[in-house]
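What follows is a short report on a single structure.
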Amino acid sequence: MALIKIELPDGSTNEVESGVTPYDVALTIGEGLARQSIAARFEGDLIDLTSPLEGSGRLALITQNSPEALEIVRHSCAHLMAQAVKEIYGNEVQVTIGPVIKDGFYYDFYSESKKFVPEDFPVIEAKMAELAKADLAVRREEMSRSDASELFHGLGEDYKVELIEDLDVETVSLYRQGDFVDLCRGPHVPRTGLLKVFKLTSLAGAYWRGDEKNAMLQRVYATAFQNKKELKAHLHRLEEARKRDHRKLGKELDLFSFSEEAGGGLVLWHPKGAMLRTIIEDFERKEHLKRGYEIVVGPQILKTELWKMSGHYDNYRENMYFTEVDEQGYGIKPMNCLAHMLIYKSKPRSYRNLPVRYFELGTVHRHEKSGVLHGLLRVRGFTQDDAHIICRPDQIDAEVKNIMGFVQDVAGIFGFDYVMELSTRPEKSIGSDADWEQATHALQGALEGSGQPYTLNEGDGAFYGPKIDVKLKDALDREWQCATIQCDFTLPERFDLTYVGADGEKHRPVMLHRVIVGSIERFVGVLIEHYAGSFPLWLSPVQAVVLNVTDSQADYAQQVFEQLREADVRVELDIRNEKLGFKIREAQMAKIPYMLVIGDREMESQTVAPRFRDGKSLETMSVADFIGTVRAESAACK
RNA sequence: GCCCACAUAGCUCAGUCGGUAGAGCGCAUCCUUGGUAAGGAUGAGGUCACCAGUUCAAAUCUGGUUGUGGGCUCCA
């Protein structure tokens, strides 16, 4: 037998016979290590603990505590779940795929007759536990594609056969545990006994291979962890997210609602929610003016011919609402760009006056599929902080950089981190190859120049141009699509936008579509979850509430309330005949930043006693001082 | 749009086997004037989402519609 050299992470080198497994190597180091190991990394690749090592190289054992371990455990759990399902339901159910995802894994099953229900979960979990306890060996096997195809055909697993037929390889790997066999690349844990903590979580429909033309499968979501403590922590995180759910908080804080009578996905903004979005809108106008944008306003409906000219009619019609006025067809705008182009076209433009930056808090309507509506995060009518920058090609770089700086500033003000993505030409698109290349190149250049990392999203651009998407990361580290920057050579062409250059000739400008927070609706939803409803002072719809202790201070409380309102503090007055504790509790649950307690002491000294919503009290102070405090704190946040 | 589930008072939720509805909170009135997270009493409030069907009888069973939730596909 030939000898090979195995280098371990601590730098030591073992000389072993070719064909030994990582498990054997672990044993030579210690029995405890061997017992703890679940897989290995050899020359950078993940392999099974039982895979024979054929050549020299660097080997690292993956133990239950390694960061990579969890993914392997979850993947093996997916197999365990499929095995359990097959043992319980037999040929009534076919297996398809079962990958690992963030926070767990799922397995998609196909069945004509079996409909999974949550009541099946304990049964499946019990079978999984039984199979895990049996500590079955998990064995890797390789066979030719045709043999594997025949094997699964014999087992009646049509979806596996289809997967195998589509693979572009000679041999495929299979994993067996007990009577169960699954097509899989691996690696897996060596024994089912290593799978201890798992839990089925939910059910959903999913199309085979994600294509809505294909059969609907039944997806069983589940999760697995190394120990019970981690599972508990995970369930706790889910609970936290539930508490922050903007739909729940939106109701509790009386910010907005939806009505069956009005229609799905159409938001009704209550006074406090409307206040919140107004604050954001005022902030947006100010920030845009500061950065050289001009505010414009376009109409809600535009003639259908115009949507045909823009390409929206051909590419976006299924998302649009149409109406007819005096036998003339109109489309309700799903985007704001058309009006902005018409404004540009209203007079001749000189190269000296470019770029023009038109900003509009534009309300658009899109017919989203009913199943995708989701609180404020996905609606059918929403307002974008939309701008169109019409510029010379040589100005694209600088403009994109400015926009990225704008995004950075705004994200910082609201306390978000973010990640960026570049999306390239989709299948359904308009414009020439050359334009697409130039536009994509411009965006990529700006991204490279920003020094910020970004990922590439092939084929995910808008139909008229490539785009940069910015995803904000909230307090729970979840990502939300908000800002987007899109480069467009096509619409200026279609609308024959021109400017007169230094040479006196007409030239074609470029248009950048961009939003910073995206949709105000979605952004408010994200903010609610990000802040868990406790908005910073400058965003709070109600900043302070004046509370009297007894009726005898009602007049003074009223005076304080009016003084604050005069000073533009968003304030409420609560002089109801209730005990102070009761009023404090209500204000606390409404997450109002400041409660101003007015008793005899305050009335006598003409002061207020502020209490912050975290329970801490400030020194008793004059009304004027309190106004100063609110102003200073609001300014500091913004 | 597709799969699965759900829809009972303003809110959160009970309601068994089919026999025309309950609680807590909130709301109204009264008592209570109480210093930092719920004082007490009384009362009002429901076409059980909507439309059909089965049945002597439907919140309950069946079908459809609308809406909501979890996903899929799509997306600001």
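Numbered from 1 within each chain, the chains take letters A, B, ... in sequence-line order.
Stacking between A/Phe382 and B/rA76 is shown: the ring centroid lies under 5.5 Å from the centre of the six-membered base ring, and the planes differ by under 30°.
In this structure, the CE atom of A/Met320 is 17 Å from the P atom of B/rC75, given to the nearest Å. One can place CE of A/Met595 at 18 Å from P of B/rG35, the figure rounded to the nearest angstrom. Atom CE in A/Met335 sits about 7 Å away from atom P in B/rA76, given to the nearest Å. When the C1' atom of B/rA37 is taken as reference, atom CG of A/Asp614 falls 13 Å away, rounded to whole Å. As a whole-Å value, the separation of A/Trp208 CH2 from B/rU73 C1' is 16 Å. Spacing between atom CG of A/Asn214 and atom C1' of B/rU73 amounts to 11 Å, rounded to whole angstrom units. Atom C1' of nucleotide B/rG35 and atom NZ of A/Lys579 are separated by 11 Å, given to the nearest angstrom. The CG-P distance, from A/Leu580 to B/rA38, rounds to 10 Å in whole Å.
Taking only side-chain atoms of A/Met589, from C-beta outward, the nucleotide of B/rA37, B/rC74, B/rC72 with the closest atom is B/rA37. The A/His374 side chain lies nearest to B/rG70 when the options are B/rG34, B/rG1, B/rG70. Comparing B/rU66, B/rG35, B/rA76 by their nearest atom to the side chain of A/Val597 picks out B/rG35. You'll find that the side chain of A/Gln384 is closest to B/rA76, out of B/rA76, B/rC75, B/rG70. Across B/rA76, B/rU36, B/rG39, the shortest atom-to-atom separation from the side chain of A/Arg378 is found for B/rA76. Distance from the side chain of A/Val372 is smallest to B/rU73 among B/rC27, B/rG34, B/rU73.
Between A/Arg244 and A/Asp474, none of the side-chain N atoms (NZ, or NE/NH1/NH2) sits under 4.0 Å from a carboxylate O, so this pair counts as no salt bridge.
By the neighbour-count criterion of 12 heavy atoms within 6.0 Å, atom CG of A/Asp103 is densely surrounded, having more than that number from other residues, nucleotides or ligands. Within a 6.0 Å radius of CD in A/Glu71, no more than 12 heavy atoms belonging to other residues, nucleotides or ligands are found. Other residues, nucleotides and ligands place more than 12 heavy atoms under 6.0 Å from the CD atom of A/Glu239.
Judged by distance alone, the side chains of A/Lys467 and A/Asn457 never bring a donor and an acceptor atom under 3.5 Å apart. Inspection of the A/Glu602 and A/Tyr556 side chains reveals no N or O donor paired with an N or O acceptor under 3.5 Å.
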What are the atom names and distances for every N/O pair under 3.5 Å that joins the protein to nucleotides 12-15 of chain B?
residue : atom : partner  : partner atom : Å
B/rU12  : OP1  : A/Lys251 : NZ           : 3.0

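Atom P of B/rC4 sits at a distance of 49 Å from the matching atom of B/rU42, rounded to the whole Å.
Classified by interplanar angle (parallel below 30°, tilted 30° to 60°, perpendicular above 60°), the ring pair A/Tyr464/A/His312 is tilted. Note: A/Phe109 and A/Phe116 have tilted aromatic rings, judged against thresholds of 30 and 60 degrees for the angle between ring planes.
No engagement by A/Glu261 is indicated, since no non-hydrogen atom pair under 4.0 Å with the nucleic acid exists.
The 5' end of RNA chain B is approached more closely, in terms of each residue's nearest nucleotide, by A/Ser370 than by the other of A/Ser370 and A/Tyr221. For the pair A/Arg601 and A/Val517, nearest-nucleotide mapping onto RNA chain B gives the more 5' position to A/Arg601.
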